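What follows is a set of notes on a single structure, which appears directly below.
As the structure is a computational prediction, the values presented were derived from the model and not from experiment.
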Number of protein chains: 2
Amino acid sequence: MHSNLWIEETFEDYLGLRFKVERILFSGKSEFQTVDIVETKGHGKMLLNDGLVMVTERDEFAYHDMITHLPLFTHPCPKNVLVIGGGDGGTAREVIRHTGIEKCTMVEIDAMVVDACKQYIPQTSCALNNKKVNLVIGDGVKFVKETSEKFDVIIVDSTDPIGPAQPLFGEEFYQDVYNCLSDDGIVVSQGESSWYAIDIQRSLLTVLNRVFPKCFLYNFSNLTYPGGLWCFTFASKKHHPINDFNEQRVKDSGLTFSYYNTRLHTAAFALPSFVISELSDLIDNSEL
Amino acid sequence: MHSNLWIEETFEDYLGLRFKVERILFSGKSEFQTVDIVETKGHGKMLLNDGLVMVTERDEFAYHDMITHLPLFTHPCPKNVLVIGGGDGGTAREVIRHTGIEKCTMVEIDAMVVDACKQYIPQTSCALNNKKVNLVIGDGVKFVKETSEKFDVIIVDSTDPIGPAQPLFGEEFYQDVYNCLSDDGIVVSQGESSWYAIDIQRSLLTVLNRVFPKCFLYNFSNLTYPGGLWCFTFASKKHHPINDFNEQRVKDSGLTFSYYNTRLHTAAFALPSFVISELSDLIDNSEL
């Protein structure tokens, strides 16, 4: 269609990541953000919100494996899961692979993201019509304030703390998350890059520390985010991500994964020295 | 000097990484490759060979920590080290921080890289005049064929297998490396990206397996290489990178590191499932 079309994500005013585009599949502007889906040459279909790469078909398994299976295999018996954000559907898809899951509620603020992914990226959105998935189009901040349900695991699968996701990085939100977690609940959140956004990591971990007794940071490799090394935060009322991790549950599940495995589960909490040194007052990784 | 100058590294015909440039410090063409050093806005000074990013001041510590300290803390008593390539000097700089090292021979084929880094990137080249560093401008392939010395650790700090580094990925070279390693010697090599170049990893590991009894792949995060997740290969006559790793030696060394630490030493060998599945016949990581 276009002979030389590229899409570029920029970071600050000094870095650009360019991806060759074969076709623009969808371009819209919701009340929250711009939403684009493009077919790239090297990474399959790609979703961008406000011009930032969210998921690509080529590497989405890494992100979705690590945000989902690590908390679900740490909690001994998760049944009721809440996903905040995650409009592409990939996180919900991984959650319901666990046969013990009775319900996965997903609260996505932007219907346009869900609709566009349903139409153009079935690889991630394929589970959104599953009967175990309770899809709510609405504000996750309001949802956790008002719900009377209790969740075993909450996954905050958000964009960066700009635009609609900003309140998802605040203390009031995490106090409400705490309140609607079961007594042994776990919350895992998109935790940014230690290379390029350690200030946001510090800010998020400061909030989590005010609310939760134990906070950890774990990392994985994202192919299409700036810098590659990316993090999730892990905050817990009770369970320890390594000491309470029972490898046998992974084996017994019969599930297979393209990224996650039992060794990576533990290794993901080993952080580079500069990260430990910047965040040591806010993370319990050093006690591992 | 220039109002809007950028340098771009491209991968295949579908990916570009762009870095904002403040000043071009050096541009030359040797008999082997083009050599550029630029001052970037976000990553400090940056060396490029044939247009590919080699090192930047901002993240070089990750690469140099992981290529150097992992083998030097695995070998129980390394005294004589050989570095092939590594013209920027960062690997030699880290080698001689180990007080037990008596000599670090560095064989770099391209004098222009060494001279330009000596002039413009003292952060990496600062140790090249140290009396323990034996700097040889010459062909590493020829050197390992002809030397009568024995080395405890050999570090192949090479560019990609195009241009001058091509023979450094071949079997004849690694047979000669084997021959000039001591009876309990270790060789670690720049091992490319599992996301974008798993075919090169397969090819290099195939060669290593023909020569060495034990071969491993370990990973780290490089900020400025395409995809972020990067690997080194570890091949050994005798020592096992984890079972024979004595953490106490790290503590006793008194050295501090911005990237390397004892937990990462082990965690670096935990690979994503897709990597294990592609390379399981060639790596011993699974026995860890």
- prompt: Between A/Glu247 and A/Arg263, does at least one N-O distance fall below 4.0 Å, as a salt bridge requires?
  reply: no
task: Verify side chain to side chain contact (heavy atoms under 4.5 Å, CB included) between B/Phe73 and B/Leu255, making sure each step is shown before the conclusion.
output: CA-CA 11 Å; B/Phe73 281 123; B/Leu255 297 175; 4.3 Å; yes
query: So which of B/Tyr225, B/Tyr260, B/Phe257, B/Phe61 has the biggest tally of heavy-atom pairs under 4.5 Å with chain A?
result: B/Phe61
field: A/Glu9/A/Arg18 ion pair, N-O < 4.0 Å
entry: no
- request: Show your working on side chain to side chain contact (heavy atoms under 4.5 Å, CB included) between A/Ile155 and A/Val153 and close with a plain yes or no.
  value: CA-CA 7 Å; A/Ile155 298 175; A/Val153 172; 3.9 Å; yes
query: Is it true that a side-chain atom of B/His69 and a backbone atom of B/Asp65 form a donor plus acceptor pair closer than 3.5 Å?
result: no
statement: Filtered by a 4.5 Å non-hydrogen cutoff, the part of residues 188-205 of chain A contacting chain B is A/Trp195, A/Tyr196
Test item: A/Ser273 side-chain N/O and B/Tyr259 main-chain N/O as donor-acceptor pair under 3.5 Å: yes
query: Could B/Asp13 and A/Lys41 be called an ion pair, given the rule that one side-chain N must be under 4.0 Å from one carboxylate O?
result: yes
- prompt: Is chain A contacted by the side chain of B/Leu271, its backbone, both, or neither, given a heavy-atom distance below 4.5 Å?
  reply: backbone
- prompt: Given A/Tyr63, which of A/Asp157, A/Thr91, A/Thr56, A/Asp88 fulfils the side chain to side chain donor-acceptor pair (under 3.5 Å) condition?
  reply: A/Asp157
- line: If you tally heavy-atom pairs under 4.5 Å between each of B/Leu229, B/Leu264, B/Ile276 and chain A, the highest tally belongs to B/Leu264
message: Which one wins on heavy-atom pair count under 4.5 Å against chain A: B/Ala267, B/Ser277, B/Gly228?
response: B/Ala267
- request: Assess whether salt bridge (Lys or Arg N to Asp or Glu O under 4.0 Å) is satisfied between A/Lys20 and A/Glu39, documenting all intermediate values.
  value: CA-CA 9 Å; A/Lys20 178 95 174 72; A/Glu39 172 84 43; over 6 Å; no
- request: Using modelled atom types only, decide if a donor and an acceptor are shared between the side chain of B/His265 and the backbone of B/Pro241 within a distance under 3.5 Å.
  value: yes
field: Test side chain to side chain contact (heavy atoms under 4.5 Å, CB included) applied to B/Met66 and B/Glu94, step by step
entry: CA-CA 10 Å; B/Met66 293 301 278; B/Glu94 292 305 307; over 6 Å; no
query: Which residues from residues 42-55 of chain A are near chain B, with near meaning under 4.5 Å between non-hydrogen atoms?
result: A/Gly42, A/His43
- prompt: Checking B/Asn285 side chain against B/Leu217 main chain: does a donor-acceptor pair fall under 3.5 Å?
  reply: yes
task: Tell me, out of A/Phe19, A/Phe220, A/Trp230, A/Trp6, who's got the most heavy-atom pairs with chain B below 4.5 Å.
output: A/Trp6
- prompt: Where on B/Asp59 is there a heavy atom nearer than 4.5 Å to chain A: the side chain, the backbone, both, or neither?
  reply: both
Residue B/Ala268 versus chain A: region with a heavy atom under 4.5 Å: neither
message: Looking at every non-hydrogen atom in both residues, tell me the closest pair between B/Pro78 and B/Ile101 and how far apart they are.
response: O-CD1, 3.4 Å
